[in-house]
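Everything on this sheet refers to the single structure shown next.
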Number of protein chains: 2
Amino acid sequence: MKNRIRVLRAEKKWTQEDLADAIGVSRQTINAIEKEKFDPSLPTAFRIAGLFERTIEEVFQFEESDA
Amino acid sequence: MKNRIRVLRAEKKWTQEDLADAIGVSRQTINAIEKEKFDPSLPTAFRIAGLFERTIEEVFQFEESDA
DNA sequence: TTTTTTTGTAAAGCTTACTTGACATTTAAA
DNA sequence: TTTAAATGTCAAGTAAGCTTTACAAAAAAA
C-alpha cells in the first residue's frame with residue numbers, strides 16, 4: 001500500500017504531530033504509516049482522507065503485492 | 001462503520017464463502033464484517049471494493065462514532 | 001418433510017495496528 | 001553556530017483483525 005500523506009501534509013504545512021492530533025492517533029503512528037511500515041486501519045484511513053478532503057483512493061494506492 | 005456488502009453480494013448471488021475465497025479471507029471474516037462485528041483492514045477493504053468494482057466509499061460508510 | 005446449503009457464533013491462537021516512553025538524527029530557526 | 005523543532009526508530013505492551021475448528025440455527029432445495 002502506497003500513500004500520498006507526506007505530500008498532502010506538506011501542502012498544508014502540518015507536522016506529523018499536527019496530523020496525529022487532528023485524527024486522534026500518536027505521532028509515531030503517522031510516521032509509521034508515512035514510511036509504510038504498516039497500513040492504517042480503515043477508520044484511520046477514513047479520518048486521514050477526510051481531513052485532506054480527499055477520497056481514500058486519492059490518498060492510498062492499493063497494490064496486489066500488499067499483505 | 002456501515003457497509004453494503006450484503007446487498008452487493010446478493011446482487012451477484014454469491015455466498016459468503018464465494019466472496020471470502022475470491023479475496024482470500026475466511027468465511028467467518030466476511031460474516032463478521034457484514035454483521036459489523038469489526039472493520040476490515042484497509043487491504044481487505046480495497047479487495048472487497050475492487051471485486052465489486054466500487055470505490056471504498058461506495059461500499060463502506062464511515063461514521064464519526066466509529067472507534 | 002427430510003436433506004443440503006448457507007449463515008451465525010464461539011473459543012483459542014496468531015498477527016498487526018496502535019500506544020507510551022525514550023532517545024538519536026535531521027532540519028529549521030535564532 | 002548554538003538551540004529548538006521535527007522526524008526516525010526501538011522496545012514493550014494492549015487491542016483489534018483474522019485464522020481454524022466446531023457446532024447450531026436458519027434458509028433453500030429436493
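Bear in mind the structure is a predicted one, so any value in this text is a computation, not a measurement.
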Rounded to the Å, how far apart are [X] [atom1] and [N] [atom2]?
| X | N | atom1 | atom2 | result |
| --- | --- | --- | --- | --- |
| B:Lys35 | C:dG8 | NZ | C1' | 6 Å |
| A:Asp18 | D:dT7 | CG | C1' | 13 Å |
| A:Phe46 | C:dA17 | CZ | C1' | 17 Å |
| A:Glu17 | D:dT9 | CD | P | 18 Å |
| A:Asn31 | D:dA11 | CG | C1' | 16 Å |
| A:Ile33 | C:dT19 | CD1 | C1' | 13 Å |
| B:Ile30 | C:dT6 | CD1 | P | 15 Å |
| B:Ile23 | D:dG17 | CD1 | P | 14 Å |

Q | Earlier contact from the 5' end, DNA chain D, for A:Thr15 and A:Lys37 | A |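 Its nucleotide being nearer the 5' end, the pick is A:Thr15.
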Q) Which distance, rounded to the nearest 0.5 Å, do you find between the OG1 of A:Thr44 and the CG of A:Asp39? A)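 These two atoms lie 11.5 Å from each other.
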Is a side-chain N or O of [X] found less than 3.5 angstrom from the main chain of [Y], in a donor-acceptor match?
| X | Y | result |
| --- | --- | --- |
| A:Arg27 | A:Gln16 | no |
| A:Asn31 | A:Gln28 | no |
| A:Asn3 | A:Ile33 | yes |

Which nucleotide in the list [options] gets nearest to the side chain of [X]?
| X | options | result |
| --- | --- | --- |
| B:Thr44 | D:dC18, D:dT9, C:dG8 | D:dC18 |
| A:Phe38 | C:dT7, D:dG8, C:dC18 | C:dC18 |
| B:Gln28 | C:dG8, C:dA22, D:dA22 | D:dA22 |
| A:Arg27 | C:dT19, D:dT9, D:dC18 | D:dT9 |
| A:Pro40 | C:dC18, C:dT9, D:dG8 | C:dC18 |

For [N], take OP1 and OP2 only and decide whether either is under 4.0 Å from a side-chain N or O of [X].
| X | N | answer |
| --- | --- | --- |
| A:Ser26 | C:dT19 | yes |
| B:Arg6 | C:dG8 | yes |
| A:Thr29 | C:dT19 | yes |

Q: Specify the residue among B:Pro43 and B:Gln16 whose closest nucleotide of DNA chain C lies further upstream toward the 5′ end.
A: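 Its nucleotide being nearer the 5' end, the pick is B:Gln16.
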Q: Would you mind telling me which of A:Val59, A:Leu19, A:Leu8 makes a side-chain contact (heavy atoms from CB on, under 4.5 Å) with A:Leu51?
A: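 Testing A:Leu51 for a side-chain contact (heavy atoms from CB on, under 4.5 Å) against A:Val59, A:Leu19, A:Leu8 leaves exactly one candidate, A:Leu19.
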Q.
Applying a 4.0 Å non-hydrogen cut-off, can you work out what A:Ser41 is touching in the nucleic acid: base, sugar-phosphate, or nothing?
A.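 Sugar-phosphate, backbone atoms only, no base.
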